[in-house]
Amino acid sequence: MICRSSLPRRPLVLAPVPVLVPALLLGLTALGACSIDNGLSGLKDNPGADNADSGFSPDTGGGNTDVCGPLNLDCADAGVDETCEAEAHAGSFTPIVKWMNESVGDAYATPVVARLTDTDGDGRLTAADMPTVVVANAVGELVAMRGDDGTVLWRAGSFGAEPMTPAIGDLDGDGWPEVVGAGTSGTSALRGTDGSVYWRSPAYVGGKAPNCGAVGIYDLDADGLPEVIIGGEIKEGTTGVKLAQGRGDGSGNYGFSPFGVAADINQDGQLEVIVGNAVYDKSGRSLWNNGQSDGFVAVANFDADPYGEIVVSNVGTVRLQDDDGTVLWSKPGTMGSTSGSPTVADFDGDGNADIGVAGNNVYKVFDRAGNEKWRVRVQDSSSGFTGSSVFDFEGDGKAEVVYADENDLYVFDGATGAVKLKQPEHSSATCSEYPAVADVDNDGHAEIIYTSSAYSGSEIGVRVVGDADNSWMPSRAVWNQHAYNITNISDDGSVPALPLTNWLTYNNFRSGDLAAATGGALSDAIPVQGDACLKECASGRLSLVVAIGNQGTSELPAGVALSAYAVTDGPAVFLQTQTVPDAVPSGTTSVGLQFDFDTADLPFGPIQFIADDANGVGVVTECNEDNNTLVISEELCP
């Protein structure tokens, strides 16, 4: 049962985690909540029990009184706080280097970001834990660093010179993401917590020694256990065993750079693997091959149908292909002799997707018809195949392009190409990398993360750039792979079984969310009392139903968490978390979430529920962060 149909929606924006303070309440009440007519039935207690002080309504009906019947999970109505709004505020653009770590050594792979380690010591990954930055250095070692200060957490792996950009994802569904690295010496999945080996497998066998490519993680068969893609090769995510070999060897790019991207390009409900000249299924069976050369790809929508189109850049050529492989337009030699991975976003705010590509000494932006919008001269006469990312840092509705050449880190105005930042603390031999954008230090604002290698200068390692006024827009704490496209990864590092189609919501690729700081309505999550059954206490089982209500003036997104804790004289003890499956409209509640407890886990009596809890799925920005707690203070199972 759902309160409304599930629709594509933007991901949750992480906010500061509420402090867990046990509340002193009588009965079942939401702190600071408006009056709620929740429409849910009363608590079903043991017949004949003394409930005078509990406020529970005993269930004295007939039937088997020793077994719980179905509990009420219906949606209900909630009050609305009409003042639940925020003012729009555009930030400034005053970039500073927040931290740097040169101990990484030469690095020219794209940095990847996610939460990997339990930095707050509560035994689980939540939005309170500090994100981790992972970089592959030039000798094939992966280095993991704390996102707030660059402290090295672990160094592991030996993937050979010029390794691929790694990817992060929870390969086995245990709530702890892994990091997959690859290069000429093989492929390995490393545990994100400490860098220990989860599995090893042979190097990519596409016929050449791979370098400067990238790893991708996708759940191709939608079974909850993702697969690893490197060019035309598909590996089982939990073992590294090769499952299939499709097309896509990266040939034609500088050196040999295998890439593979997955998306439901034909909207048939299944992910396809997409390379520059072919599309194939999870078994490696080719759906089409258009006879063109392989290359770097991005997938987005450039026409009126719901299917995706494929942008391919290779050896100086940029082209657009339809979902069936038909070449819609091609610009041979437009980027010089080489070109890098394409980025798709609405660069100028006209409502249409544009394409940004770097090449030999130039960065260009094209419209959906292949017409050049602007170009900027840069310095990259070596490989000429770096990439870029896009974000609206100030929240003014105007995109910025982040790019790094051999000498400098740049931020360009998305509409004109005007240089907003030229950061000289950079040097690179350029190996298909680009700067990532993520909230790496949990401050609620985006940062730019980029790598350096001693080439045209002496800079090496990793640098993080933020805003001196701490005013940049919020961003996710995850940028998990080279082919990042927002919907390919969840905030907690889990890989969606069938992700929302990016181009139906965002229509971008290698870009963050470009939503401006619009202000206006906000949501407000509160826990709401539901049914309970105490009939099975003697058997060690207690069942409670609690819903999440939305007192705000804006829809509460799907995926909001409700966590249960045992209240103690010390810190509250985590019990379990559930998430709301669908969006919760203003003034209503979610479906009830049924919590089944083992009474052995409840020696302390009270149970505390926290709505919009930091369980790693995501925490929304609310107009009131002080009304998220519900405490059941009665001794439920005497």
Side-chain angles (χ1 to χ4, degrees), residues 12-25 28-33 71 73 115 118-129 170 173-176 442 477 490-494 523-532 542-551 556-568 570-584 589-622 624-633 636:
L12 307 182
V13 176
L14 297 180
V17 179
V19 178
L20 304 184
V21 180
L24 300 177
L25 297 177
L28 296 166
T29 321
L31 285 177
L71 301 184
L73 305 179
R115 290 186 174 88
D118 176 23
T119 57
D120 66 358
D122 68 353
R124 61 198 181 105
L125 285 181
T126 73
D129 292 310
D170 185 355
D174 66 352
W176 300 88
N442 263 3
S490 300
D491 287 350
D492 62 352
S494 61
S523 55
D524 185 24
I526 61 169
V528 179
Q529 169 189 344
D531 274 2
L542 168 67
S543 297
L544 297 175
V545 173
V546 179
I548 292 184
N550 179 14
Q551 292 188 149
L556 192 67
V560 174
L562 180 67
S563 296
Y565 296 81
V567 178
T568 73
V573 177
F574 172 75
L575 298 172
Q576 60 178 279
T577 291
Q578 296 190 43
T579 56
V580 173
D582 289 271
V584 183
T589 73
S590 69
V591 295
L593 302 175
Q594 182 169 329
F595 290 78
D596 295 318
F597 299 106
D598 184 336
T599 56
D601 297 330
L602 307 171
F604 311 108
I607 301 176
Q608 177 176 260
F609 289 89
I610 299 180
D612 191 25
D613 188 37
N615 75 327
V617 174
V619 179
V620 296
T621 300
E622 304 178 65
N624 187 353
E625 299 285 356
D626 298 325
N627 61 354
N628 290 18
T629 302
L630 163 73
V631 172
I632 301 176
S633 58
L636 292 171

Quick check: closest heavy atoms across Leu544 and Ala532, and the distance to 0.1 Å? CD2-CB, 3.2 Å
Between CZ of Phe595 and CD1 of Ile607, what distance do you get to the nearest 0.5 Å? 10.0 Å
Do you know which two heavy atoms are closest between Asp120 and Ala128, and how far apart they sit? OD2-CB, 3.5 Å
Glu622 and Ile526: CA distance, side-chain angles, deciding distance, side chain to side chain contact (heavy atoms under 4.5 Å, CB included) verdict: CA-CA 10 Å; Glu622 304 178 65; Ile526 61 169; over 6 Å; no
Going from OH on Tyr565 to CG on Leu575, what distance comes out if it is rounded to the nearest 0.5 angstrom? 9.0 Å
Smallest heavy-atom separation, Asn442 atom then Asp129 atom, equals ND2-O, 3.2 Å
Locate the shortest heavy-atom distance separating Ala561 from Thr577; write the atom from each residue and the value. CB-CG2, 3.9 Å
Between Arg115 and Gly493, is there a donor-acceptor pair closer than 3.5 Å when you use the side chain of the first and the backbone of the second? no
For Asp492 and Leu125: C-alpha separation, side-chain torsions, deciding distance, then whether side chain to side chain contact (heavy atoms under 4.5 Å, CB included) applies. CA-CA 8 Å; Asp492 62 352; Leu125 285 181; over 6 Å; no
CG-OG1 distance between Asn550 and Thr589, expressed to the nearest 0.5 angstrom: 10.0 Å
Residue pair Asn624 / Gln551, side-chain donor-acceptor N/O under 3.5 Å: no
Decide yes or no for Phe574 and Asp122: does some side-chain heavy atom of the first lie under 4.5 Å from some side-chain heavy atom of the second? no
Hey, does the side chain of Gln578 reach the backbone of Gln594 with a donor-acceptor pair shorter than 3.5 angstrom? yes
Side chain to side chain contact (heavy atoms under 4.5 Å, CB included) test vs Asp612 passes for just one of Ile548, Val580, Leu556, Asn628, namely Asn628
Kindly indicate, with the supporting measurements, whether the criterion side chain to side chain contact (heavy atoms under 4.5 Å, CB included) is fulfilled by Val546 and Leu630. CA-CA 9 Å; Val546 179; Leu630 163 73; 3.8 Å; yes
Donor-acceptor pair, Asp596 side chain versus Ser543 backbone, under 3.5 Å? no
Non-hydrogen atoms of Ala564 and Phe609 that approach each other most closely: CB-CE2, 3.7 Å
